[in-house]
Amino acid sequence: MPLPEKIGSVKVAGAGYINFYLSKDILLKMVKNILESGNDFGQSKCSNPRKIQLEFVSANPTGPMNIVSARAAAVGSTLASALRACGNDVSTEFYLNDAGNQIRLLGESFAARIAQIEGKNAQIPEGGYFGEYLIEYAKEYLQSAISENPKEWIVHRITIEQQDTLKNFRTEFDMWFSEKEFRKSGKVEEVLERLKKSGQTYEKDGALWFAASRISPNVEDFVLIKSDGELAYGLVDIAYHANKFEERGFDVVYTILGPDHHGHSGRLDAAMEALGHSGKLKVLILQQVNLIEGGEKIKMSKRAGKLITMTELIDDVGTDAARYFFLTRKIEAHLDFDLDLARKTSDENPVYYIQYAYARIRSILEFAQNKGIDIEEIANSDISLLKEREEIELVRKMSKFPYIVKKTAQNLQPHIIPFYLLEFAKKFHNFYTKYRVVDENDKRISAARLALITAAAETIKNGLKICGISAPDKM
RNA sequence: GCAUCCUUAGCUCAACGGAUAGAGCGUCGGACUUCGAAUCCGCAGGUUGCAGGUUCGAAUCCUGCAGGAUGCGCCA
């Protein structure tokens, strides 16, 4: 039976399986495609591009960010890149909780610290913020001699700090959405009226409740308006999410929340349904992170003052290693972060294994150039000279990269790319050890192999880029 | 008590419901006069927590049980 030209061979593999292999020609064309695409290799067009919002981190501006925020930053920014690579219109957002009870407590705690430094007798309020960092900020505030209201100042100051930290962690947001400003918009009251009209609210103990349990039996009712007349967090958050769809027209919203918010997730879903947005919001619960050092869990407690902040973690292990480790787990799985392993700049640390493959290729290209080979010309080489098993395997692997990116975006699972890159690096090292790339006695095969490894470097670089990990030329 | 997540090799983890369940690390044994040894090759390591069910087919889906983590406020 004649085979279509795209199919190279067919083999019966046992267990009822028949394998069709892509022809070598098709595979080898991939190499040229990759070289032509360059930085765009891995991008694809989406059959139904959507306007997507991805909200993540959204840490309260009340103190230094913790390691769960770090994980959220790594995961969120990577998913955003992957979704963009698939042709979606993606907007990333940090919801700035700069209003409400916690901010009031922060302001009071900060004022108390200032008063203490000035020698006055002042107490940090019940449930306030006792962290030492407020003392440092208070000194800074007093020295700067600004007339700004201390509460406004501290919120702003901490927000700037968070923005810097996130930027250092290669996580940028298109939008920092202020809760305080949002509350002024009147949207909260409007949404409240609509919820009342939906008939799913009731009064009890002087508060206004939302009957979420009627919409979804597993969800408990919750308070919209507290008995003191204040807006509850739940209500503001519902209005905020309604705003995403109604004022800003997102088709889909992904909100990444910490494990302590899983109860909130069901409430939001129920409320979105009541407001006519069912199925458009997907809350992703990102599980917790345990830091492991010396084979043991580091117990962190605010009281004992043993808290490792996101900044400390980045300073300790570096952005590349930290991001890599945060990305290697499914989002719903708990992550044990092995500090000792992440610190190691040796072969045990997989992030270097991948980066090393890239650096090695850059080094070979430089070597070839020094030998007088014109790197620009390798795109015109005779790729069909590649026929060793390891060469074909490498091409086969790189041809899967766009699919890997797509799968990451579809499944909203960041770990797929780092795992792929690890396997890919393995295939490259494998090839490298067995075959010489630059062979002065055979210029034609050299050119073909240089084309091959250039395409490999492109694949690694683009993969690392999506993960927010650097691809160093030398290391 | 309720809710969410987890349980796969010694360790850390992969595996669109599909083939003989795969990687890294660790152990052991090998490979550098030539492009980077931060590398490669090989050996060993498994009743996928337990018990049922659905299916042509289950690590994967359903139920129950056991073990672990977390959350259950008119805080956010």
Side-chain angles (χ1 to χ4, degrees), chain A residues 13-19 58-60 62 95 97 99-105 127 179 204-209 218-220 222-237 257-266 285-288 290 292 295 297 325 328-338 341 344-357 359-371 373 390 403 407 410-411 413 415-416 418-420 422-423 425-426 428-440 446 449-450 453 474-475:
Chain A
Y17 283 83
I18 300 173
N19 290 334
S58 299
N60 285 351
T62 53
Y95 182 45
N97 297 107
N101 203 28
Q102 298 301 323
I103 294 301
R104 181 180 58 77
L105 283 167
E179 177 184 353
K204 193 179 88 180
D205 303 329
L208 185 73
W209 292 69
N218 280 343
V219 181
E220 289 178 359
F222 59 95
V223 168
L224 296 171
I225 304 282
K226 299 191 249 177
S227 54
D228 62 4
E230 294 267 329
L231 308 176
Y233 157 80
L235 171 61
V236 181
D237 208 40
L257 295 179
D260 49 336
H261 284 67
H262 77 251
H264 185 57
S265 149
I285 300 292
L286 187 65
Q287 283 298 330
Q288 65 180 102
N290 295 315
I292 309 288
K297 242 186 234 184
F325 282 94
T328 49
R329 300 299 309 271
K330 292 179 282 199
I331 60 172
E332 66 270 26
H334 300 192
L335 170 64
D336 284 339
F337 193 109
D338 188 335
L341 180 58
K344 279 187 192 163
T345 55
S346 71
D347 55 338
E348 292 168 53
N349 191 334
V351 67
Y352 295 112
Y353 182 85
I354 298 166
Q355 290 181 321
Y356 180 62
R360 211 176 200 184
I361 294 173
R362 301 298 307 180
S363 171
I364 298 168
L365 292 174
E366 199 183 319
F367 175 85
Q369 221 158 8
N370 291 339
K371 289 279 173 192
I373 295 174
E390 286 78 4
Y403 166 73
K407 206 166 140 189
Q410 274 167 9
N411 298 1
Q413 287 293 3
H415 69 284
I416 299 173
F419 273 96
Y420 167 81
L422 198 62
E423 288 169 14
K426 171 108 181 154
F428 166 73
H429 287 308
N430 203 322
F431 154 77
Y432 170 86
T433 335
K434 202 157 172 186
Y435 300 100
R436 200 178 161 78
V437 177
V438 181
D439 181 350
E440 284 159 78
S446 292
R449 284 182 177 157
L450 284 167
I453 66 167
K474 288 186 167 46
M475 48 194 290

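Chain letters run A, B, ... following the sequence lines, proteins first and then strands; every chain starts at 1. The basis for the numbers below is simple: all heavy atoms, side chains too, and nothing from hydrogens, waters or symmetry mates.
The nucleotide whose nearest atom lies closest to any side-chain atom of A:Glu332 is, among B:C6, B:G36, B:A76, B:C6. Of the candidates B:A14, B:U39, B:A37, the closest approach to any side-chain atom of A:Arg329 belongs to B:A14. When each of B:C35, B:A76, B:C40 is scored by its nearest atom to the side-chain atoms of A:Arg436, the top-ranked nucleotide is B:C35. Of the listed nucleotides (B:U39, B:G71, B:C74), B:C74 has the atom at the smallest distance from the side chain of A:Trp209. Proximity note for A:Phe419 (side chain, C-beta onward) versus B:A14, B:C35, B:C74: the nearest is B:A14. Considering only side-chain atoms of A:Asn430, the nucleotide from B:C72, B:C40, B:A76 that sits closest is B:C40. Nearest nucleotide to the side chain of A:Lys297, out of B:C16, B:A69, B:A23: B:A69. Of the listed nucleotides (B:U39, B:C35, B:A23), B:U39 has the atom at the smallest distance from the side chain of A:His429. Out of B:C35, B:C41, B:C75, the shortest distance to the side chain of A:Gln102 is found at B:C75. Of all nucleotides listed (B:C40, B:A37, B:U70), B:C40 comes nearest to the side chain of A:Lys426.
A residue-by-residue look at A:Ile364 and A:Leu341 shows that A:Leu341 has its nearest nucleotide of RNA chain B further toward the 5' end. The residue among A:Phe431 and A:Asn290 whose nearest nucleotide of RNA chain B is located toward the 5' end is A:Phe431.
Of the possible polar contacts, none joining the A:Asp439 side chain to the A:Ser446 backbone as a donor-acceptor pair under 3.5 Å is found. In this structure a side-chain-to-backbone donor-acceptor pair under 3.5 Å is present from A:Asn349 to A:Val351.
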Verdict with reasoning, A:Lys474 to A:Glu366, per salt bridge (Lys or Arg N to Asp or Glu O under 4.0 Å):
CA-CA 11 Å; A:Lys474 288 186 167 46; A:Glu366 199 183 319; 3.1 Å; yes
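At a threshold of 4.0 angstrom between heavy atoms, the contacts of A:Ala357 with the nucleic acid are absent. At a threshold of 4.0 angstrom between heavy atoms, the contacts of A:Phe337 with the nucleic acid are absent. A:Tyr356 comes within 4.0 angstrom of a nucleotide base, judged by non-hydrogen atoms across all strands. Residue-level contact check: A:Phe367 touches the backbone only, with heavy atoms under 4.0 Å from sugar-phosphate atoms and none from bases. At the heavy-atom level, A:Asp237 lies nowhere under 4.0 Å from the strands shown. At the heavy-atom level, A:Lys330 lies under 4.0 Å from the strands shown only through sugar-phosphate atoms. Backbone-only contact: A:His415 has heavy atoms under 4.0 Å from sugar-phosphate atoms and none from a base.
Taking the six-membered ring where tryptophan is involved, the planes of A:Tyr233 and A:His261 are perpendicular, since the angle between them exceeds 60° and thus also 30°. Aromatic ring orientation, A:His415 versus A:Phe419: perpendicular (interplanar angle above 60°, classes split at 30° and 60°).
The base of B:C40 is not paired with the side chain of A:Thr433 by any donor and acceptor separated by under 3.5 Å.
A ring-centre distance under 6.0 Å is found for A:His429 and A:Tyr356.
A close approach under 4.0 Å does not occur between any side-chain nitrogen or oxygen of A:Arg362 and OP1 or OP2 of B:C35. Between A:Asn411 and the phosphate of B:C16, there is no side-chain N or O to OP1/OP2 separation shorter than 4.0 Å. For A:Tyr432, a side-chain nitrogen or oxygen approaches OP1 or OP2 of B:A37 to under 4.0 Å. At least one side-chain nitrogen or oxygen of A:Lys226 sits closer than 4.0 Å to the OP1 or OP2 atom of B:A76. Proximity of A:Ser363 to the phosphate of B:G36: a side-chain N or O atom is located under 4.0 Å from OP1 or OP2.
Rounded to a whole angstrom, the distance from the C1' atom of B:C43 to that of B:G30 is 10 Å.
Anti is the conformation of B:C41, whose glycosidic angle sits further than 90° from 0.
The number of heavy-atom neighbours closer than 6.0 Å to CD of A:Glu220, taken from other residues, nucleotides and ligands shown, is 12 or below.
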